[in-house]
Undergrad: 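Questions regarding the structure given below will be posed in turn.
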Amino acid sequence: MTADRVVVIGAGIGGLVAAAILARRGLDVTVLEKATGPGGKMRTVTIGGQPIDAGPTVFTMRSLIQEIATEAGFVLDDALTLRSVETLARHAWGPDQRLDLFADPLRTADAIGDFSGAQEARRFLAFHAEAAHVFKTLDQSFIRAAEPSRASLVLGAGLRGLSDLARIRPFSSLWSALGGMFADPRLRQLFGRYATYCGSSPFLAPATLMLVAHVEMDGVWLVEGGMTRVAEAFEAAAKANGATFRYGADVARIEVEHGRVSGARLRDGETIAARAVVFNGDVAALAKGLLAGASARKSPHVKPSERSLSAVTFCWVAKTVGFPLARHSVFFSDAYEAEFSDIFDRARLPERPTVYVCAQDRDDAGNLDAQSESGAERLMLLVNAPPVGDVYQFGREEIARCEANATQLMNRCGLTIEPSDAVVTTPNDFAEMFPGTAGALYGPASHGANASFRRATARSSLPGLYLAGGSVHPGPGVPMAAISGRQAARSLIQDLGSIARFRPEATPGGMSTAGATTEPTA
C-alpha cells in the first residue's frame, strides 16, 4: 500500500540494512537495484567458473554487525560461517624485509621487535593503546551519532572529556602523528596505510584515522563463501521481513511533489509511488542532478579535488612461486609520498605503486586450499588510482604499465605470478558502475580536520529523502555503511512517526523465513 511504501534505491550494504529494518517495522519496502544482485561495491567477478571477491575483502567489527543483524531480525551466526584470523596481513618491502601483523597485540609487538628492535616494539604497544583510545573517544560521540558536529562532539564530551578530544589530535595529519610514534620509516608507512581504507592519503588525512588500526586489530574474520555472503544475508532478512527486490531496475529520477519525495521513476518510464526514498548511492550523483527531481533541493557537493581514491584491480586464477603469500599481503612502494602525489596532485597512475594482494584460497596460516589441485589460486590485486574516470580514459598501455610496475615490485620482493588471463577493473569501469563517483570508491576523501563533518548524514535537505552508503556519515567500509543504513531507517521511522508493529523475532537456531527466498550470501 502506497501510504506506507518506502523505496530503497541501491542494494549495497547500507540499502540492504535499511530495507531489512524498515520492512521489519511493517513498512512496505521495495528495493530497486540496476545490477543483477545485491552487494554494490561488495561484488565478485568470475574466472573459469570461480567467483573472486573484487571489492571489500575484510570482515571487521563483528559485534556491531551482530547488533545490526538483530535489529534486522536475524541471527548473524545462523546466516554466516565466520572464522577468526590470527594473521591480519603480511607486509613486504623487499626480499628480506617482511613483517606480519597479528590479532594478538603482544605477538605483533614481538614480531616488530624482531623486525625493528625492542624500542619500536614498545612504541607499537603505545600506538596500539592510542588507537584504541581514539576509537573509544569517537565511537558513541561521532561514529554512531546521527548528525555529528564539532559543537555536539564538545558538548557530548563535557569538561572531563575535553582532554580526550584534544589527545586524539584532529588537526594533525596521520603521517605527522606516526612520525612522532615510530622511528622506523617502514612502520610509519605500514600504519599510515590505514588512511587508504577510507580512500585517503596518510599525508592529508587526520591522525584520528589511526582508529582504523584499532578496528582491524580488534578482530578480522573470513567469511565462508566470500564477502558477498554478507550482502545476501541482509537481503534474505529483508525478504523474510516482507521487502520486495527488483533487480535490473535502473532508476532515472526521484520524483518530487509539493516539495517532498513522492516516489521513483525507472528509465523505462515506470513510476513507483512512495512515501519516502532511501538513496543508497553516492551523494555526488544527487549533487550532479543525475536523479533529476532530487537535485531540485540542495545536495552535498563533492569537488573533484575532494574525491577519495579509485583503484585498478586485477583478478586472476594463477599459480604463484616464491614469496609465501598470506591471505592478505601488502607490497610497499619505495616512493610512498610520490605514490600519493601522483594520484592526488598529478591525477595519474603511480609509477611506483603499493600493491595489495588478497589470496582467497589461502587459510589463516597462508596454506593453499587442498582442493586447488592444479596449484592455481584466486587472486585479487589492487593498486590505488586517481578518481578521474569521468574526464579521462585510461588506455590499454597505461593499464599494462600499471600491471608491469606492480609485477616488478612483487618480483623484487620474491613473488612470481605465472601469466594468466585477468579481469581488470579501472577507474572508468568504477565510474560507470557507480554513477556520480568518477571512480572514487569511498565517497569524499577524509582530508583535513573538517572533512568528516562535511559528509552528508541520513536526513537530506529534501523531505522524504534519506541517504545511506559509504559516501554518507560515518564513512566507507562495510561496518560504517551498515551503520549508515541503520541510521537512515531510524531517521525515516522517527520522521514518519511509524507505530507499525515489529515483524516476528528471529527464533533460536534460525530466522523467520516467511516470504523469504533462499539465496547464497557473502
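Any value given below was found using the heavy atoms of this structure, including those in side chains, with hydrogens, waters and symmetry copies removed.
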Undergrad: Report the residues that fulfil salt bridge (Lys or Arg N to Asp or Glu O under 4.0 Å) with R265, sequence neighbours left out, ordered by chain and then residue number.
TA: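 Salt bridge (Lys or Arg N to Asp or Glu O under 4.0 Å) list for R265, sorted by chain: E255.
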Undergrad: Do R246 and E270 touch side chain to side chain, with heavy atoms closer than 4.5 Å?
TA: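 Yes - at least one pair of side-chain heavy atoms lies under 4.5 Å apart.
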Undergrad: Pair V317, I52 - check side chain to side chain contact (heavy atoms under 4.5 Å, CB included), show working.
TA: CA-CA 9 Å; V317 176; I52 302 175; 4.0 Å; yes
Undergrad: Does a side-chain heavy-atom distance below 4.5 Å link L286 with L465?
TA: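 Counting from C-beta outward, L286 and L465 do come under 4.5 Å.
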Undergrad: Find the distance between CZ (R275) and CG (L496) and round it off to the nearest 0.5 Å.
TA: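 Between R275 CZ and L496 CG, I get 4.5 Å after rounding to 0.5 Å.
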Undergrad: Just verifying a value: how many Å separate F434 CZ and L441 CG, rounded to the nearest 0.5 Å?
TA: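 Interatomic distance, F434 CZ to L441 CG, rounded to 0.5 Å: 7.0 Å.
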Undergrad: Any side-chain heavy atom of V17 sitting closer than 4.5 Å to one from I21?
TA: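 SC-SC contact between V17 and I21 confirmed.
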Undergrad: Atom CD of residue position E257 - does it have more than 12 heavy atoms of other residues, nucleotides or ligands inside 6.0 Å?
TA: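 It does not: E257 CD has 12 such atoms or fewer within range.
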Undergrad: Testing the 3.5 Å rule here: is there a donor-acceptor pair between the side chains of S329 and R362?
TA: no
Undergrad: If we only count heavy atoms from C-beta on, is the V472 to Q487 side-chain gap below 4.5 Å?
TA: no
Undergrad: Measuring from atom CG of D364 to atom OG of S84, what distance do you get when rounded to the nearest 0.5 angstrom?
TA: 7.5 Å
Undergrad: Parallel, tilted or perpendicular: which describes the rings of Y392 and F394, with under 30° parallel and over 60° perpendicular?
TA: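 Perpendicular, since the angle between the ring planes exceeds 60°.
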Undergrad: Taking R5 for its side chain and T30 for its backbone only, find out whether a donor-acceptor pair lies under 3.5 Å.
TA: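 No: the side chain of R5 does not pair with the backbone of T30.
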Undergrad: Using side chain to side chain contact (heavy atoms under 4.5 Å, CB included), reason through L349 and V383 one step at a time and then give a plain yes or no.
TA: CA-CA 9 Å; L349 294 173; V383 172; 5.7 Å; no
Undergrad: How about T57 and Y356: does a side-chain donor come under 3.5 Å of a side-chain acceptor?
TA: yes
Undergrad: Counting only N and O atoms by type, is there a donor-acceptor contact under 3.5 Å from the side chain of H447 to the main-chain atoms of E306?
TA: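 Here the side-chain-to-backbone pair does not exist.
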Undergrad: With a 4.5 Å heavy-atom cut-off, do F245 and K239 have their side chains touching?
TA: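 Yes, their side chains come closer than 4.5 Å.
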Undergrad: How many angstroms lie between atom SG of C198 and atom CG of L211, to the nearest 0.5 angstrom?
TA: 7.5 Å
Undergrad: Got a donor-acceptor contact below 3.5 angstrom from the D429 side chain to the T426 backbone?
TA: yes
Undergrad: Backbone N or O of A431 within a donor-acceptor pair of the D390 side chain at under 3.5 Å?
TA: no
Undergrad: Please tell me if the side chains of V251 and L266 come closer than 4.5 Å, counting only heavy atoms from C-beta onward.
TA: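 A side-chain contact under 4.5 Å exists here.
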Undergrad: Would F59 and I65 count as a side chain to side chain contact (heavy atoms under 4.5 Å, CB included) if you check the C-alpha gap in whole Å, the side-chain angles of each, and the deciding distance to 0.1 Å?
TA: CA-CA 10 Å; F59 186 94; I65 303 298; 4.0 Å; yes
Undergrad: If only atom types and distance count, is the side chain of S446 paired as donor or acceptor with the main-chain N or O of S200 below 3.5 Å?
TA: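 Not at all, since once roles are kept as given, no pair shorter than 3.5 Å links the two residues.
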Undergrad: If we ignore hydrogens and angles and just use 3.5 Å, is the side chain of D250 paired with the main-chain N or O of K34 as donor and acceptor?
TA: no
Undergrad: Any chance you could measure R253, atom CZ, to T271, atom OG1, to the nearest 0.5 Å?
TA: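 R253 CZ to T271 OG1: 9.5 Å, rounded to 0.5 Å.
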Undergrad: When the aromatic ring centroids of F234 and F74 are compared, is their separation below 6.0 Å?
TA: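 Centroid separation for F234 and F74: below 6.0 Å.
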Undergrad: Decide yes or no on side chain to side chain contact (heavy atoms under 4.5 Å, CB included) for R459 and Y466, but give the supporting numbers first.
TA: CA-CA 5 Å; R459 287 183 176 91; Y466 300 83; 4.0 Å; yes
Undergrad: Can you find a pair of side-chain heavy atoms, one from L76 and one from L82, that are under 4.5 Å apart?
TA: yes
Undergrad: Would you call N280 and E33 a side-chain contact if the rule is heavy atoms closer than 4.5 Å?
TA: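 No, too far: nothing below the 4.5 Å cut-off.
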Undergrad: Nearest 0.5 angstrom please: D77 CG to R62 CZ, how far?
TA: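 Reported value, rounded in 0.5 Å steps: 4.5 Å.
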